[in-house]
2 protein chains.
Amino acid sequence: MVSPKPDLETRLAEDHHQAIKLWLRLLTCTNLITAEIRTRLRENFETTLPRFDLLAQLERHPEGLRMGELSQRMMVTTGNVTGITDQLEAEGLVRREVDPQDRRSITVKLTPKGQQVFAEMARIHEGWVIELFSGLSAAEKDSLYALLGKLKKHLNHKEARP
Amino acid sequence: MVSPKPDLETRLAEDHHQAIKLWLRLLTCTNLITAEIRTRLRENFETTLPRFDLLAQLERHPEGLRMGELSQRMMVTTGNVTGITDQLEAEGLVRREVDPQDRRSITVKLTPKGQQVFAEMARIHEGWVIELFSGLSAAEKDSLYALLGKLKKHLNHKEARP
DNA sequence: TCTAAATATTTTAAGCATAAAATGTAGTTT
DNA sequence: AAACTACATTTTATGCTTAAAATATTTAGA
């Protein structure tokens, strides 16, 4: 019998707790998908996943989003958003605007070029994600979605505790 | 009604594909857990998640693991393993040994101090993971585990295709 | 009006992460 | 024996990521 490809779950033994096994499997699946999408974005569009994610946040916001809002939605620090925005601005895909009402705040918007480039990437990216999850039936996807929703609710509730 | 905390799922609308919604929820849950464990490891043990992961790989291997094997199990590049190993070696938690039969190969082993330090961290870490997943019943954890297993199998099968 | 506190973003230092090239070693073929 | 190919790890260049400090601006209170 051929050994499966090693990954984060390989080190587990029977005496490891169920929660540990679940955590490592969750992490393994996320890593596999992330790695695949990163490779395809680089090969097809010469871009990166964080840059794609930032553009995706702006897609439905022609009025732009503030750095702090981008930071929260992307689940990264504002310092990181600064760097990713620098790169996208250099590529002409986004532009920064200072809020005249509050000069501390900066709003980031897609440029016309950014809208066009992102629309094309988003179309192809959606096909990739559909393909990556196609091993699950619609009912299984719904179950997974619901279970992760419950997990997420618990994680967020916990953090809210003082 | 209070708005939920923004995250990767916030940008989604009804017309986004189910697979995209599932992918962003998976990513959101992974990010929430990763962020929480990273913070606790730093505050309690002054270490990082990648370093913890590397030590965890070595726990059940007193004979050590090779750099390439560590790279596969941790799902990162061998270059990255080099850097993380450097740090752990500097802390006295692991040591490198050249394979006398094949001087290209290096085996990484836990030092006695590394075994002791890791045992303590692993004990506490397990409690954290149990707590983080405690919002799900045992049956729900089993379901999530099985669904992710099916997803993983599909992801690995796809990569094997030429 | 002035000062202190709070807010928003950038900068700094450090760690992780990748892809690709470089280096050293081993195996195979001529 | 020499040349070529393959393997294992490190190095290089680049990008992402964090925590904390710095900077500029706004708000609140005395």
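Numbered from 1 within each chain, the chains take letters A, B, ... in sequence-line order. Since this is a predicted model, take the numbers as computed values, not measurements.
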Rounded to the nearest angstrom, tell me the gap between atom [atom1] in [X] and atom [atom2] in [N].
| X | N | atom1 | atom2 | value |
| --- | --- | --- | --- | --- |
| Arg66(B) | dA26(C) | CZ | C1' | 12 Å |
| Glu36(B) | dT18(D) | CD | P | 14 Å |
| Leu54(A) | dT9(C) | CG | P | 13 Å |
| Leu55(B) | dC16(C) | CG | P | 11 Å |
| Leu32(B) | dT18(D) | CG | C1' | 16 Å |
| Glu97(A) | dA8(C) | CD | C1' | 17 Å |
| Phe52(A) | dG15(D) | CZ | C1' | 18 Å |
| Arg103(A) | dT23(D) | CZ | P | 18 Å |

Classify the side-chain pair Arg66(B)/Ser105(B) by whether it contains a donor and acceptor separated by less than 3.5 Å.
yes
When the aromatic ring centroids of Phe52(A) and Phe45(A) are compared, is their separation below 6.0 Å?
no
Test side chain to side chain contact (heavy atoms under 4.5 Å, CB included), reference Leu26(A), set Thr30(B), Thr34(B), Leu144(B), output is Thr30(B)
Give a yes or no answer on whether the side chain of [X] reaches the backbone of [Y] with a donor-acceptor pair at less than 3.5 Å.
| X | Y | result |
| --- | --- | --- |
| His16(A) | Ala13(A) | yes |
| His17(A) | Ala19(A) | yes |
| Ser71(B) | Met67(B) | no |

Whichever of Thr107(B) and Thr39(B) has its nearest DNA chain D nucleotide further upstream toward 5'
Thr107(B)
Look at the side-chain N and O atoms of Ser105(B) and state whether any lies under 4.0 Å from the OP1 or OP2 oxygen of dC7(D).
no
dT18(C) OP1/OP2 closer than 4.0 Å to side-chain N/O of Thr48(A):
no
Let me know, please, whether Arg38(A) or Asp102(A) comes out on the 5' side of the other along DNA chain C by nearest nucleotide.
Asp102(A)
Salt bridge (charged side-chain N to carboxylate O under 4.0 Å, His left out) between Glu91(B) and Arg51(B), intermediate numbers included
CA-CA 11 Å; Glu91(B) 291 171 11; Arg51(B) 291 177 208 174; 3.0 Å; yes
Nearest-0.5 Å distance, NE2 of residue His61(A) to CD of residue Glu69(A):
7.5 Å
Point-to-point distance, once rounded to the nearest 0.5 Å, from CE of Met121(B) to CD of Gln116(B):
11.0 Å
Helix axis bend for the helix from dT1(C)-dA30(D) to dT30(C)-dA1(D) - C1'-based end axes, five pairs, 10° rounding:
10°
Of the listed dT10(D), dA19(C), dA8(C), the closest approach to the Arg42(A) side chain comes from dA19(C)
Of the candidates dC16(D), dT9(C), dT10(D), the side chain of Arg51(A) sits closest to dC16(D)
Donor-acceptor pair under 3.5 Å, Arg104(A) side chain vs dT7(C) base
yes
Can you see which heavy atom on Phe133(B) is nearest to which on Lys141(B), and at what distance?
O-CE, 3.4 Å
Give the residues of residues 71-92 of chain A touching DNA chain C, defined as any heavy atom closer than 4.0 Å, sorted by residue number.
Thr78(A), Gly79(A), Thr82(A)
